[in-house]
Amino acid sequence: MKKVVLVFIVAVSCFLYSCRESTQEKTEEAVEAIGEDIEENTREAGRKLKEGAEKIDNKVEEELQELERHENEVE
């Protein structure tokens with residue numbers, strides 16, 4: 001009976017250890033995936049900010065040109 005209990009305990013221990021490794025691997029994979037998502041989203045946000053800044057710059061330039069044309073017409 002002692003041998004059966006001992007074998008059962010060893011089997012359960014191996015099973016739990018195996019599950020723990022599997023869980024750890026899955027957690028590491030999830031963390032890596034999250035990191036990759038963060039990197040990609042950061043790059044995308046940077047691209048959008050740059051595009052927005054360029055649009056603002058173009059609009060300001062257009063407004064300045066319009067103001068200069070208006071000043072030239074008044075003179």
| In the hydrophobic clustering (ILVMFWY, side-chain contacts below 4.5 Å, transitive), which residues join I34, or is it alone? | I38

| E44 and R47: CA distance, side-chain angles, deciding distance, salt bridge (Lys or Arg N to Asp or Glu O under 4.0 Å) verdict | CA-CA 5 Å; E44 183 64 23; R47 283 192 290 268; 2.7 Å; yes

Scan the side chains in residues 49-68 for donor-acceptor partners under 3.5 Å anywhere in the protein, sequence neighbours excluded, and list what turns up.
from : atom 1 : to  : atom 2 : distance (Å)
N58  : ND2    : E54 : O      : 3.3
E66  : OE1    : R69 : NH2    : 2.9

